[in-house]
Amino acid sequence: INIPWICPNNTEAINAILEELRLILENHDIDGLFIDFFRYPSPYHGLTSVLSCFCDFCKAKAEEMDINWEETRKGIKNFVKKISTLTEGKIIALKDELTIPKIFQYISHNHHLLNFFNFRQHSIASFVSEIRWLVKRSGRELGLDIFTPSLSWLVGQDYSLLRDKCDWMKPMVYCTCLGPACIPAEVAGLIRGLQEINPKISDKYLLKMISRFFDVTLTWDSLDKLNAKGFPEDLVRIETKRAKEAVENRVPIYTGIEAVITDICSVSPFKVKDYVKLALDGGADGVVLSWDARLIPRENLQAIREMLKY
């Protein structure tokens, strides 16, 4: 991995984090903890980072789960090799087949991929469980800043495993901005990574696949247009609904929506108003205005206030 990242199975690092959190809970009058970055690297950081980690800590953890980590590594390499050999004809055929159910069906029939993704999800869930124990022991609450449902499995976050380990979740359904966890940036990173493996895969066909995957209409035919236009607002409703279904009403879902104006995000009052309405239409128990209150324009706050009156 070419970025600073802590493996969730690195016991020394995890113990240090838990100790820091313990001190915070013991020495500060707070309602609870709201944690972010409890995950593996995302497509934004490159496909190589997504297909990690195979360190000694992970190997030891995999052995505890009766997973042959070396065979899993070889299986991942073979999967990447298959992508590299896809012909243009096969790519064209795939563009209309790439739906979420079909992807998970393929993974379930690939022993190595299934072990890989299950291992990562259980590793993250185990780490969150330890934080949950600390927080509950102190009588506080734990909130999770979590990837949007359609992408969370890529970073080891499984809503169904995490729903009993927190008090509420905030799915990051960011349709416009271009930073980590923002859907356009993550999709762009995934596309660039796939094109590095197989240059025959064009922006046009990959964006058609992405459109099918998210179940939204994307008319863009290039990454430049995706970065400029983002995803349709209705994705907020779709992803919120998916999050609600995944947690089965066991914990509240407070959809995270963009409301700021920065160098990587600019949301108008009209758009943020639509975001709030669509999140509530999707069943959200509330919304979280992301991601820095100091950077949310007054007109955006006013638009949200007016919408909530109705």
Side-chain angles (χ1 to χ4, degrees), residues 1-46 49-50 52-65 119-148 151-172 174 177 179-182 186 243 247 250-254 256 260 262 264 288-295:
I1 304 175
N2 58 1
I3 54 170
W5 212 269
I6 296 174
C7 172
N9 295 312
N10 184 325
T11 52
E12 182 178 343
I14 297 308
N15 287 338
I17 292 172
L18 293 173
E19 176 62 13
E20 186 69 22
L21 294 180
R22 184 188 66 79
L23 292 173
I24 291 172
L25 290 165
E26 288 184 358
N27 297 304
H28 297 277
D29 183 17
I30 57 177
D31 296 322
L33 296 178
F34 176 49
I35 61 172
D36 191 4
F37 287 97
F38 61 100
R39 56 179 173 84
Y40 285 90
S42 68
Y44 180 86
H45 301 288
S49 296
V50 172
S52 62
C53 166
F54 289 91
C55 70
D56 290 340
F57 293 104
C58 283
K59 183 178 180 181
K61 178 86 169 183
E63 289 175 353
E64 291 177 11
M65 296 174 62
F119 173 82
R120 287 155 57 92
Q121 290 166 353
H122 280 86
S123 296
I124 294 298
S126 176
F127 171 50
V128 175
S129 289
E130 295 194 65
I131 298 175
R132 171 70 163 172
W133 182 81
L134 276 179
V135 173
K136 296 309 290 183
R137 188 180 66 171
S138 71
R140 273 51 170 262
E141 291 192 351
L142 177 64
L144 304 181
D145 207 13
I146 188 168
F147 257 52
T148 198
L151 296 177
S152 62
W153 59 281
L154 284 171
V155 295
Q157 295 176 332
D158 184 331
Y159 280 67
S160 65
L161 289 177
L162 296 170
R163 64 193 178 195
D164 295 326
K165 297 174 174 58
C166 65
D167 295 287
W168 54 277
M169 291 185 182
K170 177 209 144 193
M172 295 181 278
Y174 305 149
C177 54
C182 303
E186 295 295 348
V247 301
R250 298 192 192 184
V251 292
I253 292 292
Y254 301 119
V260 299
T262 70
I264 63 169
V288 177
L289 305 181
S290 302
W291 45 86
D292 187 333
R294 298 169 298 175
L295 300 176

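When reading the values below, keep in mind they use all heavy atoms of this one structure, side chains included, and skip hydrogens, waters and symmetry mates.
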Looking at every heavy atom in both Glu186 and Ser42, which two are closest together, and how far apart are they? OE2-OG, 2.8 Å
Please confirm whether the backbone N or O of Leu142 pairs with a side-chain atom of Arg132, one donor and one acceptor, at under 3.5 Å? no
For Gln157, give me all partners under side chain to side chain donor-acceptor pair (under 3.5 Å), at least two apart in sequence or on another chain. none
Quick one: closest heavy-atom pair of Leu144 and Phe38, and the distance? CB-CZ, 3.7 Å
Is it the case that the side chain of Asp167 and the backbone of Gly143 share a donor-acceptor pair, with hydrogens and angles ignored and the cut-off at 3.5 Å? no
Euclidean distance, Leu25 CG relative to Leu33 CG, rounded to 0.5 Å: 4.5 Å
Over 60° means perpendicular and under 30° means parallel, so tell me whether Phe34 and Trp168 are parallel, tilted or perpendicular. parallel
Non-neighbouring partners of Asp164 that pass side chain to side chain donor-acceptor pair (under 3.5 Å), sequence neighbours left out: Arg250
On a heavy-atom basis, the closest approach of Ile253 and Ala243 is CD1-CB, 4.1 Å
Results of side-chain contact (heavy atoms from CB on, under 4.5 Å) for Ala181 - residues two or more places apart only: Phe147, Met172
Closest non-hydrogen atoms of Gly256 and Lys170, given as atom of the first, atom of the second and distance, are CA-CE, 3.6 Å
Around Asp36, counting heavy atoms of other residues, nucleotides and ligands shown, do more than 12 lie under 6.0 Å from its CG? yes
For residues 7-14, dump all side-chain donor-acceptor pairs below 3.5 Å to protein atoms at least two apart in sequence or in another chain.
{"from": "Asn9", "atom 1": "OD1", "to": "Ser123", "atom 2": "OG", "distance (Å)": "3.4"}
{"from": "Asn9", "atom 1": "ND2", "to": "Ser123", "atom 2": "OG", "distance (Å)": "3.1"}
{"from": "Asn10", "atom 1": "OD1", "to": "Glu12", "atom 2": "N", "distance (Å)": "3.2"}
{"from": "Asn10", "atom 1": "OD1", "to": "Ala13", "atom 2": "N", "distance (Å)": "3.1"}

Tell me whether the count of non-hydrogen atoms from other residues, nucleotides or ligands lying under 6.0 Å of CG in Asn27 goes above 12. yes
Measure the spacing between OG of Ser129 and CG of Leu162 and express it to the nearest 0.5 Å. 8.0 Å
Measuring from atom SG of Cys55 to atom NZ of Lys61, what distance do you get when rounded to the nearest 0.5 angstrom? 12.0 Å
Measure from the side-chain N and O atoms of Arg120 to the backbone N and O of Tyr40, and report whether any donor-acceptor pair falls under 3.5 Å. no
Taking the side chain as every heavy atom from C-beta outward, state whether Tyr44 and Cys182 have any atom pair closer than 4.5 Å. no
Among all residues two or more places apart in sequence or in another chain, which pass the side chain to side chain donor-acceptor pair (under 3.5 Å) test with Ser126? none
May I ask you to test the Trp291-Thr262 pair for a side-chain heavy-atom distance under 4.5 Å? yes
How far apart are the closest heavy atoms of Pro43 and Val50, and which atoms are they? N-CG2, 3.3 Å
Does Arg39 offer a backbone N or O that forms a donor-acceptor pair with the side chain of Trp5 under 3.5 Å? yes
Taking side chain to side chain donor-acceptor pair (under 3.5 Å) as the definition, give me every residue that meets it alongside Glu63, ordered by chain and number, with sequence neighbours left out. none
